[in-house]
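All values below come from the heavy atoms of this structure, side chains included, with hydrogens, waters and symmetry mates left out. Remember, it's 1-based here, ligands and their atoms both numbered in the order they're listed. The residues of the chain are indexed from 1 along the displayed sequence.
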Amino acid sequence: MSSDWSILSLPKVELHLHIEGTLEPQMMWDLAQKHKISLPYDSVQAIQDAYQFSNLQSFLDLYYAGTNVLRDADDFYQLMWAYFLRCKEDNIVHTEIMFDPQSHTHRGVAFATIMQGFNKAIKQAKDELGISAYLIMSFLRHLSEADALNTLEEAKPYYQDITAIGLDSSELGNPPDKFTTVFKKARTAGFKCVAHAGEEGPASYIRDAIKLLNVDRIDHGVRAIDDNDLVTQLAKTNMPLTVCPLSNLKLCVVNDMTEHNILTLLEKGLRVTVNSDDPSYFGGYLNDNFSALKQALNMTDAQAIRLIKNSFTASFLPEAEKEKWLAKIDGLI
Ligand SMILES: [Zn+2]
């Protein structure tokens, strides 16, 4: 396989995607009009212009303002469905989608409203696009563990619709050990567990997420490079890292894409994967991330294929399903 284009056409999985981060300026504008919500912007272009961030916190401030336009079940459906249409374009055949219930329930939106919209879109994606999707309910780590525990309780009627729990939002100052009880409880209830760690936070947060939260995957994890013993441990245990290159660039986790360490981690034997994080805010969906890596790091086709295969093996799909897709990819390359 020689051309970039043919790599981009391979079947793919996405493992690190916040559905609230797929809210495009046009949809933010339309929903604000629909619900008569006043935005601090006077046009779609003005919203687009506002998507300039200097760090994780300034991004999060705008992000939470954006989620305010999501009010009824149809809004959540439209948001999710628009992402599935993007999945189709990038040939994403399976996706594990994070959502932040607290950013909605705290505004008075019922848990049932969120799930009604999401479940409708997920079923439609399966039926009409052949795309499978799992949900990862993520807790906002700048809030208390008690709040996360309440959310876990509130989600009870929907446990069958949710595959995993996660931990996101402001990392610095909100270490994994703040959430040991809720992760233990979720694990006992049968959920898979993931957590953001080692994005802005130090490598020790990655160690703690594994040791204290017993996670199945680390989201981001690029700061692992600062700790040689940790890199060895991650390689030995096949711990997946869901890396998000364009996000890292936009939030200044790296100064330039040529400095990104994803291929270094790959060559050290880590199960790294490529993902888009909050694509409408960070300048690109999944294939844009692959293209950026090829352009900046001279990523080879063989490396891209390993990254794509890693996302299948690191997913929560049943083993037989993973094997089916890996064989399919082998037949295409
Ligand atoms: Zn993320």
Side-chain angles (χ1 to χ4, degrees), residues 13-23 51 53 55-64 66-67 79-80 83 86-87 92 95-104 133-143 148 162-176 178-179 183 192-202 205-206 209 213 215-224 239-254 260-262 265 272-286 288-289 292 307 310-311 314-316:
V13 160
E14 179 147 63
L15 300 176
H16 184 160
L17 179 284
H18 303 270
I19 197 63
E20 293 88 353
T22 66
L23 181 66
Y51 281 25
F53 329 104
N55 58 34
L56 182 60
Q57 194 54 55
S58 56
F59 154 66
L60 288 171
D61 292 344
L62 182 70
Y63 183 80
Y64 295 127
T67 56
L79 181 72
M80 185 72 92
Y83 168 61
R86 286 303 314 228
C87 286
I92 293 171
T95 172
E96 300 183 357
I97 302 167
M98 300 181 207
F99 71 110
D100 292 332
Q102 288 154 301
S103 33
H104 311 302
Y134 295 162
L135 287 176
I136 302 172
M137 176 171 70
S138 295
F139 302 121
L140 298 175
R141 68 199 306 157
H142 63 272
L143 300 178
I162 299 168
T163 301
I165 60 143
L167 191 61
D168 59 15
S169 182
S170 319
E171 189 183 1
L172 285 170
N174 296 297
K178 192 175 155 184
F179 294 94
F183 268 69
K192 300 280 190 187
C193 297
V194 302
H196 283 48
E199 178 191 17
E200 286 198 321
Y205 281 22
I206 302 172
L213 306 183
V215 293
D216 298 285
R217 291 197 299 251
I218 292 288
D219 295 314
H220 291 296
V222 289
R223 299 276 26 114
M239 174 59 69
L241 303 185
T242 64
V243 179
C244 307
L246 287 172
S247 160
N248 293 156
L249 182 64
K250 188 90 175 182
L251 295 177
C252 305
V253 174
V254 294
H260 204 289
N261 65 16
I262 185 169
L265 294 170
V272 284
T273 65
V274 178
N275 306 272
S276 69
D277 206 6
D278 299 283
S280 76
Y281 293 89
F282 296 154
Y285 286 79
L286 187 56
D288 301 318
N289 277 270
L307 289 165
N310 281 349
S311 292
S315 75
F316 296 135

Side chains of [X] and [Y], donor plus acceptor under 3.5 Å:
X: E14; Y: S311; result: no
X: H142; Y: N174; result: no
X: Y285; Y: T22; result: no
X: H104; Y: E20; result: yes
X: N275; Y: T273; result: yes

For the pair H196 and H18, name the ring-plane relationship: parallel under 30°, tilted 30 to 60°, perpendicular over 60°.
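Tilted.
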* Spell out the protein N/O/S atoms under 2.8 Å from the Zn ion (ligand 1) as residue plus atom name. =>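 Short answer, with waters excluded from the count: H16 NE2, H18 NE2, H196 NE2, D277 OD1.
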